[in-house]
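To keep things clear, I will list the structure first and then write my remarks on it.
By convention in this document, chain letters (A, B, ...) are assigned in the order of the sequence lines, proteins followed by strands, and residues within each chain are numbered from 1. Any value given below was found using the heavy atoms of this structure, including those in side chains, with hydrogens, waters and symmetry copies removed.
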There are 2 protein chains.
Amino acid sequence: MMPDDLHPGAAVAARPLYQQVHDHLLGRIVAGEWPPGDYLPSEQRLAASLGVALGTVRRALDELVQEGVVERRQGRGTAVLRHSSDRARFRFFRLVGPDGSRIVPKGRVLTARQRIARAEEARGLALAGGAEVLALTRERRVGSRVLVHETIALPLPLFSRLQVPVGQDLAEELYVLYQRDCGVTVARAEDRVSPEAASIPVARSLGVAPGTPILRILRIAFGLDGTAVEHRVSRTARLEYAVAIE
Amino acid sequence: MMPDDLHPGAAVAARPLYQQVHDHLLGRIVAGEWPPGDYLPSEQRLAASLGVALGTVRRALDELVQEGVVERRQGRGTAVLRHSSDRARFRFFRLVGPDGSRIVPKGRVLTARQRIARAEEARGLALAGGAEVLALTRERRVGSRVLVHETIALPLPLFSRLQVPVGQDLAEELYVLYQRDCGVTVARAEDRVSPEAASIPVARSLGVAPGTPILRILRIAFGLDGTAVEHRVSRTARLEYAVAIE
DNA sequence: GAGTGGTCTAGACCACTAG
DNA sequence: TAGTGGTCTAGACCACTCC
(Lines give C-alpha, C1' and ligand atoms only; values in the text may rest on other atoms or scores of the structure.)
Protein backbone atom coordinates (compact mmCIF):
# COMPACT_ATOMS: atom_id res chain seq x y z
CA MET A 1 0.00 0.00 0.00
CA MET A 2 0.98 3.59 -0.51
CA PRO A 3 2.87 5.36 2.25
CA ASP A 4 1.08 8.36 3.68
CA ASP A 5 3.56 10.92 2.47
CA LEU A 6 2.45 10.11 -1.01
CA HIS A 7 -0.70 12.10 -0.49
CA PRO A 8 -0.48 15.69 -1.66
CA GLY A 9 -1.80 17.08 1.59
CA ALA A 10 0.92 15.60 3.76
CA ALA A 11 3.84 17.96 4.32
CA VAL A 12 5.47 19.48 1.26
CA ALA A 13 6.26 16.71 -1.18
CA ALA A 14 9.86 17.19 -2.25
CA ARG A 15 9.18 15.23 -5.42
CA PRO A 16 6.00 15.58 -7.47
CA LEU A 17 3.31 13.02 -6.77
CA TYR A 18 3.47 11.48 -10.22
CA GLN A 19 7.19 10.82 -9.78
CA GLN A 20 6.54 9.17 -6.46
CA VAL A 21 3.89 7.01 -8.07
CA HIS A 22 6.34 6.19 -10.87
CA ASP A 23 9.03 5.12 -8.40
CA HIS A 24 6.53 3.19 -6.33
CA LEU A 25 5.26 1.22 -9.32
CA LEU A 26 8.76 0.64 -10.71
CA GLY A 27 9.79 -0.69 -7.31
CA ARG A 28 6.95 -3.18 -7.30
CA ILE A 29 7.79 -4.24 -10.86
CA VAL A 30 11.46 -4.71 -10.03
CA ALA A 31 10.42 -6.68 -6.93
CA GLY A 32 8.59 -9.06 -9.23
CA GLU A 33 5.03 -8.30 -8.15
CA TRP A 34 4.06 -8.26 -11.82
CA PRO A 35 6.48 -10.42 -13.83
CA PRO A 36 7.22 -9.56 -17.48
CA GLY A 37 4.10 -10.16 -19.52
CA ASP A 38 1.68 -9.61 -16.64
CA TYR A 39 -0.89 -6.84 -16.66
CA LEU A 40 -0.89 -4.15 -14.00
CA PRO A 41 -4.19 -3.26 -12.35
CA SER A 42 -6.20 -0.82 -14.43
CA GLU A 43 -5.45 2.87 -14.17
CA GLN A 44 -8.71 3.36 -12.28
CA ARG A 45 -7.84 0.69 -9.75
CA LEU A 46 -4.31 1.99 -9.30
CA ALA A 47 -5.59 5.52 -8.79
CA ALA A 48 -8.13 4.34 -6.23
CA SER A 49 -5.73 2.09 -4.34
CA LEU A 50 -3.01 4.74 -4.26
CA GLY A 51 -5.41 7.52 -3.36
CA VAL A 52 -4.43 9.77 -6.26
CA ALA A 53 -6.21 11.08 -9.32
CA LEU A 54 -6.39 9.19 -12.58
CA GLY A 55 -4.29 11.80 -14.36
CA THR A 56 -1.49 11.36 -11.86
CA VAL A 57 -1.34 7.61 -12.41
CA ARG A 58 -1.46 8.17 -16.15
CA ARG A 59 1.49 10.51 -16.02
CA ALA A 60 3.50 8.00 -13.95
CA LEU A 61 2.64 5.25 -16.45
CA ASP A 62 3.58 7.59 -19.31
CA GLU A 63 7.08 7.72 -17.88
CA LEU A 64 7.27 3.95 -17.50
CA VAL A 65 6.21 3.62 -21.13
CA GLN A 66 8.85 6.16 -22.12
CA GLU A 67 11.47 4.12 -20.26
CA GLY A 68 10.40 0.94 -22.01
CA VAL A 69 9.29 -0.74 -18.79
CA VAL A 70 5.61 -1.20 -19.58
CA GLU A 71 3.40 -1.13 -22.64
CA ARG A 72 -0.17 0.10 -23.00
CA ARG A 73 -2.74 -1.79 -25.02
CA GLN A 74 -5.96 0.05 -25.55
CA GLY A 75 -8.92 -1.96 -24.43
CA ARG A 76 -6.75 -4.54 -22.64
CA GLY A 77 -4.52 -2.93 -20.06
CA THR A 78 -0.96 -2.01 -19.17
CA ALA A 79 1.55 -4.86 -19.29
CA VAL A 80 5.11 -5.19 -18.04
CA LEU A 81 7.28 -5.50 -21.12
CA ARG A 82 8.73 -8.85 -21.95
CA HIS A 83 11.89 -8.59 -23.98
CA SER A 84 10.83 -10.20 -27.18
CA SER A 85 13.70 -10.93 -29.49
CA ASP A 86 12.31 -8.57 -32.06
CA ARG A 87 11.98 -5.74 -29.62
CA ALA A 88 15.44 -6.32 -28.11
CA ARG A 89 16.96 -6.34 -31.57
CA PHE A 90 15.16 -3.24 -32.66
CA ARG A 91 16.09 -1.29 -29.56
CA PHE A 92 19.61 -2.47 -28.80
CA PHE A 93 21.05 -3.78 -32.04
CA ARG A 94 22.63 -0.86 -33.82
CA LEU A 95 24.62 -2.48 -36.61
CA VAL A 96 23.64 -2.03 -40.23
CA GLY A 97 25.10 -3.01 -43.55
CA PRO A 98 27.25 -0.58 -45.60
CA ASP A 99 24.15 0.28 -47.61
CA GLY A 100 22.20 1.11 -44.45
CA SER A 101 20.15 -2.06 -44.51
CA ARG A 102 19.29 -3.57 -41.18
CA ILE A 103 21.24 -6.77 -40.77
CA VAL A 104 19.93 -9.51 -38.50
CA PRO A 105 22.71 -12.02 -38.02
CA LYS A 106 22.09 -15.27 -36.18
CA GLY A 107 23.87 -15.46 -32.83
CA ARG A 108 25.80 -18.54 -31.70
CA VAL A 109 27.56 -18.88 -28.36
CA LEU A 110 30.97 -20.49 -28.82
CA THR A 111 32.18 -20.77 -25.23
CA ALA A 112 30.72 -20.17 -21.77
CA ARG A 113 32.81 -20.42 -18.63
CA GLN A 114 33.29 -18.86 -15.24
CA ARG A 115 36.41 -16.88 -14.57
CA ILE A 116 37.75 -13.92 -12.63
CA ALA A 117 36.68 -10.59 -14.12
CA ARG A 118 39.37 -8.78 -16.06
CA ALA A 119 40.30 -5.34 -14.80
CA GLU A 120 38.31 -3.52 -17.51
CA GLU A 121 35.27 -5.70 -16.91
CA ALA A 122 35.39 -5.26 -13.15
CA ARG A 123 35.59 -1.51 -13.65
CA GLY A 124 32.74 -1.42 -16.14
CA LEU A 125 30.50 -3.60 -14.00
CA ALA A 126 31.48 -1.87 -10.75
CA LEU A 127 32.64 -5.17 -9.26
CA ALA A 128 35.30 -5.70 -6.62
CA GLY A 129 38.63 -6.96 -7.97
CA GLY A 130 38.67 -10.74 -8.09
CA ALA A 131 34.91 -11.04 -8.53
CA GLU A 132 33.71 -13.87 -10.72
CA VAL A 133 31.89 -13.47 -14.02
CA LEU A 134 30.23 -15.72 -16.52
CA ALA A 135 32.17 -15.16 -19.74
CA LEU A 136 30.62 -15.86 -23.13
CA THR A 137 32.14 -15.62 -26.56
CA ARG A 138 29.70 -15.35 -29.37
CA GLU A 139 29.61 -14.94 -33.13
CA ARG A 140 26.85 -13.48 -35.22
CA ARG A 141 26.66 -14.77 -38.75
CA VAL A 142 24.75 -14.27 -41.94
CA GLY A 143 24.96 -17.56 -43.77
CA SER A 144 28.44 -18.88 -43.14
CA ARG A 145 30.03 -15.46 -42.91
CA VAL A 146 30.86 -14.20 -39.42
CA LEU A 147 29.94 -10.51 -39.16
CA VAL A 148 30.35 -9.84 -35.42
CA HIS A 149 32.53 -11.33 -32.73
CA GLU A 150 31.56 -10.70 -29.11
CA THR A 151 33.06 -11.20 -25.66
CA ILE A 152 30.49 -10.88 -22.90
CA ALA A 153 31.04 -10.77 -19.14
CA LEU A 154 28.12 -11.16 -16.71
CA PRO A 155 28.37 -10.80 -12.90
CA LEU A 156 28.10 -14.32 -11.56
CA PRO A 157 25.73 -14.13 -8.63
CA LEU A 158 23.14 -12.51 -10.87
CA PHE A 159 23.53 -14.91 -13.80
CA SER A 160 24.17 -18.27 -12.16
CA ARG A 161 20.90 -19.64 -13.51
CA LEU A 162 21.51 -18.61 -17.12
CA GLN A 163 20.93 -21.43 -19.61
CA VAL A 164 22.84 -20.86 -22.84
CA PRO A 165 23.03 -23.56 -25.47
CA VAL A 166 26.66 -23.63 -26.69
CA GLY A 167 27.60 -24.23 -30.30
CA GLN A 168 24.17 -23.83 -31.87
CA ASP A 169 22.27 -20.87 -33.28
CA LEU A 170 20.20 -19.08 -30.66
CA ALA A 171 16.55 -18.64 -31.44
CA GLU A 172 16.32 -15.78 -28.96
CA GLU A 173 18.39 -12.72 -28.28
CA LEU A 174 20.53 -12.96 -25.16
CA TYR A 175 18.55 -10.22 -23.40
CA VAL A 176 15.47 -12.41 -23.60
CA LEU A 177 17.36 -15.22 -21.84
CA TYR A 178 18.67 -12.83 -19.18
CA GLN A 179 15.11 -11.92 -18.35
CA ARG A 180 13.60 -15.39 -18.60
CA ASP A 181 16.30 -17.29 -16.71
CA CYS A 182 17.66 -14.70 -14.31
CA GLY A 183 14.97 -12.06 -13.93
CA VAL A 184 17.38 -9.46 -15.25
CA THR A 185 15.76 -6.84 -17.47
CA VAL A 186 18.11 -4.69 -19.52
CA ALA A 187 16.69 -1.19 -19.33
CA ARG A 188 19.49 1.00 -20.61
CA ALA A 189 22.93 0.73 -22.17
CA GLU A 190 25.97 2.84 -22.91
CA ASP A 191 28.00 2.15 -26.02
CA ARG A 192 31.49 3.33 -26.89
CA VAL A 193 32.76 2.83 -30.42
CA SER A 194 36.47 2.94 -31.22
CA PRO A 195 38.69 1.92 -34.13
CA GLU A 196 41.04 -1.02 -33.83
CA ALA A 197 43.35 -3.12 -35.95
CA ALA A 198 42.11 -6.70 -36.11
CA SER A 199 44.23 -8.99 -33.95
CA ILE A 200 45.16 -12.37 -35.37
CA PRO A 201 42.41 -14.39 -33.63
CA VAL A 202 39.75 -11.75 -34.32
CA ALA A 203 40.87 -11.47 -37.94
CA ARG A 204 40.58 -15.22 -38.29
CA SER A 205 37.11 -15.21 -36.79
CA LEU A 206 35.85 -12.34 -38.95
CA GLY A 207 37.56 -13.62 -42.08
CA VAL A 208 39.69 -10.54 -42.73
CA ALA A 209 43.41 -9.92 -42.86
CA PRO A 210 45.14 -9.23 -39.54
CA GLY A 211 45.56 -5.49 -39.06
CA THR A 212 42.37 -4.64 -40.98
CA PRO A 213 40.60 -1.63 -39.43
CA ILE A 214 37.54 -2.82 -37.50
CA LEU A 215 35.00 -1.35 -35.08
CA ARG A 216 35.29 -2.18 -31.40
CA ILE A 217 32.04 -1.52 -29.55
CA LEU A 218 32.08 -1.58 -25.78
CA ARG A 219 28.66 -1.82 -24.19
CA ILE A 220 27.76 -1.58 -20.53
CA ALA A 221 24.12 -2.55 -20.02
CA PHE A 222 22.11 -1.61 -16.95
CA GLY A 223 19.16 -3.25 -15.22
CA LEU A 224 15.88 -1.67 -14.15
CA ASP A 225 17.42 -0.65 -10.83
CA GLY A 226 20.39 1.01 -12.49
CA THR A 227 23.10 -1.55 -11.69
CA ALA A 228 25.50 -2.63 -14.44
CA VAL A 229 24.59 -6.14 -15.58
CA GLU A 230 26.55 -6.75 -18.77
CA HIS A 231 29.99 -5.90 -20.17
CA ARG A 232 30.11 -6.64 -23.85
CA VAL A 233 32.79 -6.04 -26.47
CA SER A 234 31.64 -6.48 -30.06
CA ARG A 235 33.97 -6.39 -33.03
CA THR A 236 32.96 -6.06 -36.65
CA ALA A 237 34.74 -5.34 -39.90
CA ARG A 238 31.88 -5.13 -42.37
CA LEU A 239 29.01 -3.57 -40.47
CA GLU A 240 28.47 0.03 -39.43
CA TYR A 241 27.17 1.46 -36.19
CA ALA A 242 24.05 3.56 -36.73
CA VAL A 243 22.49 6.13 -34.40
CA ALA A 244 19.60 8.56 -34.71
CA ILE A 245 19.97 11.73 -32.65
CA GLU A 246 16.52 13.07 -31.97
CA MET B 1 -5.77 31.63 -36.69
CA MET B 2 -6.87 28.08 -36.21
CA PRO B 3 -8.75 26.33 -39.01
CA ASP B 4 -12.19 25.18 -38.03
CA ASP B 5 -11.48 21.49 -38.33
CA LEU B 6 -9.22 21.86 -35.35
CA HIS B 7 -12.21 22.00 -33.10
CA PRO B 8 -13.20 18.68 -31.60
CA GLY B 9 -16.79 19.03 -32.61
CA ALA B 10 -16.11 19.35 -36.33
CA ALA B 11 -16.23 16.03 -38.19
CA VAL B 12 -14.18 13.16 -36.84
CA ALA B 13 -10.64 14.36 -36.32
CA ALA B 14 -8.35 11.78 -37.91
CA ARG B 15 -5.48 12.97 -35.73
CA PRO B 16 -5.86 13.83 -32.05
CA LEU B 17 -6.38 17.48 -31.29
CA TYR B 18 -3.10 17.86 -29.40
CA GLN B 19 -1.19 16.58 -32.42
CA GLN B 20 -2.97 19.06 -34.65
CA VAL B 21 -2.08 21.82 -32.22
CA HIS B 22 1.52 20.56 -32.18
CA ASP B 23 1.74 20.63 -35.97
CA HIS B 24 0.05 24.01 -36.12
CA LEU B 25 2.48 25.56 -33.66
CA LEU B 26 5.51 23.90 -35.26
CA GLY B 27 4.38 25.26 -38.60
CA ARG B 28 4.23 28.79 -37.24
CA ILE B 29 7.65 28.38 -35.63
CA VAL B 30 9.19 27.07 -38.86
CA ALA B 31 7.56 29.96 -40.72
CA GLY B 32 9.44 32.33 -38.46
CA GLU B 33 6.49 33.81 -36.56
CA TRP B 34 8.52 33.40 -33.36
CA PRO B 35 12.26 33.43 -34.18
CA PRO B 36 14.69 31.46 -32.00
CA GLY B 37 14.83 33.10 -28.57
CA ASP B 38 11.33 34.57 -28.74
CA TYR B 39 8.60 33.64 -26.30
CA LEU B 40 5.39 32.05 -27.49
CA PRO B 41 2.10 33.41 -26.13
CA SER B 42 1.26 31.96 -22.75
CA GLU B 43 -0.47 28.61 -22.59
CA GLN B 44 -3.67 30.34 -21.51
CA ARG B 45 -3.59 32.70 -24.46
CA LEU B 46 -2.78 29.89 -26.91
CA ALA B 47 -5.60 27.79 -25.54
CA ALA B 48 -8.04 30.68 -25.81
CA SER B 49 -6.95 31.74 -29.30
CA LEU B 50 -7.02 28.17 -30.60
CA GLY B 51 -10.28 27.34 -28.89
CA VAL B 52 -8.96 24.28 -27.05
CA ALA B 53 -8.44 23.41 -23.41
CA LEU B 54 -5.30 24.28 -21.53
CA GLY B 55 -4.35 20.64 -21.13
CA THR B 56 -4.44 20.13 -24.88
CA VAL B 57 -2.05 23.01 -25.48
CA ARG B 58 0.19 21.72 -22.72
CA ARG B 59 0.38 18.31 -24.30
CA ALA B 60 1.27 19.81 -27.67
CA LEU B 61 3.97 21.92 -26.03
CA ASP B 62 5.22 18.83 -24.17
CA GLU B 63 5.95 17.25 -27.52
CA LEU B 64 7.72 20.34 -28.81
CA VAL B 65 9.86 20.30 -25.67
CA GLN B 66 10.56 16.61 -26.21
CA GLU B 67 11.67 17.36 -29.77
CA GLY B 68 13.98 20.11 -28.60
CA VAL B 69 12.07 22.84 -30.43
CA VAL B 70 10.99 24.94 -27.45
CA GLU B 71 11.96 25.31 -23.82
CA ARG B 72 9.76 26.05 -20.84
CA ARG B 73 10.82 28.46 -18.14
CA GLN B 74 8.61 28.51 -15.12
CA GLY B 75 7.35 31.95 -14.30
CA ARG B 76 8.57 33.33 -17.64
CA GLY B 77 7.09 31.48 -20.56
CA THR B 78 7.80 29.10 -23.40
CA ALA B 79 10.63 30.11 -25.72
CA VAL B 80 11.75 28.85 -29.10
CA LEU B 81 15.15 27.23 -28.57
CA ARG B 82 18.19 29.05 -29.78
CA HIS B 83 21.08 26.73 -30.53
CA SER B 84 23.58 27.83 -27.98
CA SER B 85 27.01 26.41 -28.56
CA ASP B 86 26.86 24.57 -25.28
CA ARG B 87 23.55 23.00 -26.07
CA ALA B 88 24.55 22.04 -29.61
CA ARG B 89 27.72 20.46 -28.29
CA PHE B 90 25.95 18.54 -25.59
CA ARG B 91 23.30 17.21 -27.88
CA PHE B 92 25.14 16.57 -31.11
CA PHE B 93 28.79 16.12 -30.19
CA ARG B 94 29.28 12.48 -29.35
CA LEU B 95 33.05 12.11 -29.18
CA VAL B 96 34.82 11.39 -25.93
CA GLY B 97 38.38 10.62 -24.90
CA PRO B 98 39.57 7.03 -24.39
CA ASP B 99 38.93 7.46 -20.67
CA GLY B 100 35.36 8.55 -21.32
CA SER B 101 36.03 12.20 -20.60
CA ARG B 102 34.08 14.69 -22.65
CA ILE B 103 36.46 16.38 -25.04
CA VAL B 104 35.66 19.86 -26.34
CA PRO B 105 38.04 20.58 -29.19
CA LYS B 106 38.16 24.01 -30.80
CA GLY B 107 36.85 24.01 -34.34
CA ARG B 108 38.64 25.81 -37.20
CA VAL B 109 37.41 25.98 -40.77
CA LEU B 110 40.28 25.41 -43.18
CA THR B 111 38.57 25.87 -46.53
CA ALA B 112 35.15 26.96 -47.76
CA ARG B 113 34.18 26.82 -51.39
CA GLN B 114 31.28 26.12 -53.71
CA ARG B 115 31.37 22.99 -55.82
CA ILE B 116 29.18 20.34 -57.37
CA ALA B 117 27.91 17.82 -54.83
CA ARG B 118 29.66 14.47 -54.90
CA ALA B 119 27.46 11.47 -55.61
CA GLU B 120 27.37 10.37 -51.95
CA GLU B 121 26.57 13.90 -50.80
CA ALA B 122 23.80 14.35 -53.34
CA ARG B 123 22.29 11.05 -52.25
CA GLY B 124 22.53 11.88 -48.54
CA LEU B 125 21.07 15.34 -49.01
CA ALA B 126 18.43 14.19 -51.49
CA LEU B 127 19.71 16.66 -54.10
CA ALA B 128 19.50 16.33 -57.86
CA GLY B 129 22.76 15.29 -59.52
CA GLY B 130 24.87 18.34 -60.36
CA ALA B 131 23.41 20.45 -57.54
CA GLU B 132 25.77 22.88 -55.88
CA VAL B 133 26.91 22.71 -52.28
CA LEU B 134 28.98 24.82 -49.97
CA ALA B 135 31.86 22.58 -48.95
CA LEU B 136 33.78 23.15 -45.74
CA THR B 137 36.78 21.35 -44.39
CA ARG B 138 37.33 21.71 -40.69
CA GLU B 139 39.67 20.55 -37.98
CA ARG B 140 38.95 20.27 -34.30
CA ARG B 141 41.97 20.61 -32.04
CA VAL B 142 42.94 20.43 -28.44
CA GLY B 143 46.02 22.58 -28.10
CA SER B 144 48.05 21.99 -31.25
CA ARG B 145 46.88 18.41 -31.69
CA VAL B 146 44.26 17.77 -34.35
CA LEU B 147 41.69 15.29 -33.03
CA VAL B 148 38.97 15.43 -35.69
CA HIS B 149 39.00 16.15 -39.41
CA GLU B 150 35.70 17.01 -41.06
CA THR B 151 34.33 17.46 -44.57
CA ILE B 152 30.97 19.20 -44.61
CA ALA B 153 28.60 19.71 -47.55
CA LEU B 154 25.66 22.15 -47.30
CA PRO B 155 22.98 22.62 -49.99
CA LEU B 156 23.75 25.96 -51.59
CA PRO B 157 20.43 27.75 -51.89
CA LEU B 158 19.84 27.23 -48.19
CA PHE B 159 23.28 28.30 -47.01
CA SER B 160 24.24 31.10 -49.38
CA ARG B 161 24.22 33.61 -46.54
CA LEU B 162 26.49 31.59 -44.23
CA GLN B 163 29.35 33.60 -42.79
CA VAL B 164 32.25 31.37 -41.77
CA PRO B 165 35.58 32.85 -40.74
CA VAL B 166 38.26 30.73 -42.41
CA GLY B 167 41.54 29.87 -40.72
CA GLN B 168 40.69 30.95 -37.21
CA ASP B 169 39.16 29.19 -34.23
CA LEU B 170 35.38 29.42 -34.16
CA ALA B 171 33.83 30.78 -31.01
CA GLU B 172 30.51 29.14 -31.88
CA GLU B 173 29.50 25.72 -33.04
CA LEU B 174 28.56 25.55 -36.72
CA TYR B 175 24.93 24.75 -35.91
CA VAL B 176 24.64 28.10 -34.17
CA LEU B 177 25.85 29.82 -37.33
CA TYR B 178 23.44 27.83 -39.49
CA GLN B 179 20.60 29.12 -37.40
CA ARG B 180 21.81 32.70 -37.01
CA ASP B 181 22.88 33.31 -40.62
CA CYS B 182 20.56 31.06 -42.58
CA GLY B 183 17.57 30.38 -40.35
CA VAL B 184 18.33 26.68 -40.50
CA THR B 185 17.68 24.84 -37.23
CA VAL B 186 19.15 21.37 -36.95
CA ALA B 187 16.48 19.28 -35.26
CA ARG B 188 17.66 15.73 -35.81
CA ALA B 189 20.60 13.79 -37.16
CA GLU B 190 21.54 10.30 -38.24
CA ASP B 191 25.07 9.07 -37.67
CA ARG B 192 26.80 6.06 -39.20
CA VAL B 193 30.15 4.98 -37.77
CA SER B 194 32.50 2.77 -39.75
CA PRO B 195 36.17 1.75 -39.53
CA GLU B 196 38.67 3.02 -42.05
CA ALA B 197 42.40 3.01 -42.68
CA ALA B 198 43.76 6.56 -42.56
CA SER B 199 44.54 7.85 -46.05
CA ILE B 200 47.74 9.80 -46.52
CA PRO B 201 46.21 13.30 -46.31
CA VAL B 202 43.96 12.36 -43.38
CA ALA B 203 46.88 10.69 -41.60
CA ARG B 204 48.95 13.82 -42.04
CA SER B 205 46.15 15.98 -40.70
CA LEU B 206 45.50 13.78 -37.67
CA GLY B 207 49.17 13.17 -36.99
CA VAL B 208 49.09 9.39 -37.28
CA ALA B 209 50.74 6.90 -39.62
CA PRO B 210 48.95 6.23 -42.91
CA GLY B 211 46.87 3.07 -42.63
CA THR B 212 46.15 3.57 -38.92
CA PRO B 213 42.62 2.41 -38.06
CA ILE B 214 40.37 5.43 -37.56
CA LEU B 215 36.66 6.13 -37.13
CA ARG B 216 34.70 7.55 -40.04
CA ILE B 217 31.46 9.13 -38.91
CA LEU B 218 28.90 10.05 -41.53
CA ARG B 219 26.22 12.41 -40.34
CA ILE B 220 23.12 13.55 -42.15
CA ALA B 221 21.43 16.37 -40.24
CA PHE B 222 17.80 17.37 -40.74
CA GLY B 223 15.97 20.67 -40.26
CA LEU B 224 12.77 21.33 -38.39
CA ASP B 225 10.71 20.50 -41.47
CA GLY B 226 12.50 17.19 -41.98
CA THR B 227 14.65 18.07 -44.99
CA ALA B 228 18.32 17.05 -45.02
CA VAL B 229 20.48 20.13 -44.45
CA GLU B 230 23.99 18.86 -43.76
CA HIS B 231 26.23 16.04 -44.98
CA ARG B 232 29.23 15.69 -42.71
CA VAL B 233 32.05 13.18 -42.61
CA SER B 234 34.18 13.28 -39.47
CA ARG B 235 37.36 11.29 -39.01
CA THR B 236 39.17 10.68 -35.75
CA ALA B 237 41.92 8.37 -34.58
CA ARG B 238 42.08 9.11 -30.87
CA LEU B 239 38.50 9.78 -29.83
CA GLU B 240 35.63 7.36 -29.31
CA TYR B 241 32.00 7.64 -30.29
CA ALA B 242 29.70 7.42 -27.27
CA VAL B 243 25.97 6.69 -27.18
CA ALA B 244 23.47 6.11 -24.41
CA ILE B 245 20.57 3.83 -25.32
CA GLU B 246 17.69 4.69 -23.09
C1' DG C 1 -22.04 -5.09 -22.62
C1' DA C 2 -18.33 -4.35 -19.42
C1' DG C 3 -13.86 -2.84 -18.84
C1' DT C 4 -9.69 -0.83 -20.61
C1' DG C 5 -6.69 2.85 -22.24
C1' DG C 6 -6.90 7.49 -25.25
C1' DT C 7 -8.47 12.06 -25.47
C1' DC C 8 -10.42 16.38 -23.98
C1' DT C 9 -12.24 19.57 -20.87
C1' DA C 10 -12.49 22.66 -16.65
C1' DG C 11 -10.82 24.47 -12.73
C1' DA C 12 -7.86 24.67 -8.61
C1' DC C 13 -3.60 25.66 -6.13
C1' DC C 14 1.49 26.08 -6.07
C1' DA C 15 6.34 27.80 -7.34
C1' DC C 16 8.77 30.76 -9.87
C1' DT C 17 9.91 35.25 -12.36
C1' DA C 18 9.68 39.92 -13.09
C1' DG C 19 8.58 44.70 -12.41
C1' DT D 1 1.55 41.89 -7.34
C1' DA D 2 0.49 39.94 -11.73
C1' DG D 3 1.51 36.53 -14.91
C1' DT D 4 3.73 32.31 -16.11
C1' DG D 5 4.47 27.35 -16.19
C1' DG D 6 4.05 22.94 -12.88
C1' DT D 7 1.05 19.92 -10.58
C1' DC D 8 -3.20 17.73 -9.25
C1' DT D 9 -7.92 16.79 -9.37
C1' DA D 10 -12.58 15.41 -11.35
C1' DG D 11 -15.39 13.99 -14.77
C1' DA D 12 -16.82 13.24 -19.60
C1' DC D 13 -16.85 10.76 -23.98
C1' DC D 14 -14.54 7.78 -27.41
C1' DA D 15 -12.11 3.56 -29.48
C1' DC D 16 -10.73 -0.72 -28.67
C1' DT D 17 -10.75 -5.63 -26.75
C1' DC D 18 -12.87 -9.44 -25.03
C1' DC D 19 -16.66 -12.27 -23.58
Solution key, residues 182-190 of chain A side-chain donor-acceptor pairs under 3.5 Å, sequence neighbours excluded:
unit_1: A:T185; atom_1: OG1; unit_2: A:Q179; atom_2: NE2; d: 2.9
unit_1: A:R188; atom_1: NH1; unit_2: A:E190; atom_2: OE2; d: 3.4

Subject >> Whole-Å distance separating the NE2 atom of A:H22 from the P atom of D:dC8 >> reply: 14 Å
Original post:
What's the CZ-C1' distance between B:R72 and D:dT7, to the nearest Å?
Top reply: 12 Å
Original post:
Applying salt bridge (charged side-chain N to carboxylate O under 4.0 Å, His left out), which residue pairs with at least one partner in residues 176-185 of chain B are found, sequence neighbours left out?
Top reply: none
**OP:** Please name all residues satisfying ring pair (Phe, Tyr, Trp, His ring centres under 6.0 Å) with A:F93, sequence neighbours left out, ordered by chain then number.
**Re:** none
**OP:** Go ahead and write out DNA chain C as dot-bracket, 5' to 3': ( ) for pairs within the strand, [ ] for ones crossing earlier pairs, | when the partner sits on another strand, dots for unpaired; Watson-Crick or G-U wobble, both distances under 3.5 Å.
**Re:** ||||||||||||||||||.
Subject >> For B:F159, ring pair (Phe, Tyr, Trp, His ring centres under 6.0 Å) partners two or more places apart >> reply: B:Y178
Subject >> Separation of C:dC14 P from A:L17 CG (nearest whole Å) >> reply: 14 Å
Subject >> Any residue meeting salt bridge (charged side-chain N to carboxylate O under 4.0 Å, His left out) with A:D225, in chain and number order, not counting sequence neighbours >> reply: none
Original post:
With sequence neighbours left out, what residues match A:D86 under salt bridge (charged side-chain N to carboxylate O under 4.0 Å, His left out)?
Top reply: A:R89
Original post:
So, is B:Y18 close to the C:dC8 phosphate, meaning a side-chain N or O under 4.0 Å from OP1 or OP2?
Top reply: no
Original post:
Has the side chain of A:R219 got a donor or acceptor atom that lies under 3.5 Å from a matching backbone atom of A:F92?
Top reply: yes
Original post:
In chain order, what residues pass the salt bridge (charged side-chain N to carboxylate O under 4.0 Å, His left out) check against A:E71, with sequence neighbours excluded?
Top reply: A:R73, A:R87
Original post:
Rounded to the Å, how far apart are A:L54 CG and D:dT7 C1'?
Top reply: 15 Å
Original post:
Is B:T56 near enough to C:dT9 that one of its side-chain N or O atoms lies under 4.0 angstrom from OP1 or OP2?
Top reply: yes
Subject >> Under-4.0 Å side-chain N/O to phosphate OP1/OP2 contact, A:R58 with C:dG5 >> reply: no
Original post:
Which is true for A:R59 with a 4.0 Å heavy-atom rule: it touches a base, it touches only sugar-phosphate, or it touches nothing?
Top reply: sugar-phosphate
Original post:
With a 3.5 Å cut-off and no angle check, do the side chains of B:R76 and B:Y39 form a donor-acceptor pair?
Top reply: yes
Write down the protein N/O and nucleotide N/O pairs, taken from nucleotides 2-4 of chain D, whose separation is under 3.5 Å; answer none if there are no such pairs.
unit_1: D:dG3; atom_1: N2; unit_2: B:G75; atom_2: O; d: 3.0
unit_1: D:dT4; atom_1: O2; unit_2: B:G75; atom_2: N; d: 3.2

Original post:
What's the CD-P distance between B:Q20 and C:dT7, to the nearest Å?
Top reply: 12 Å
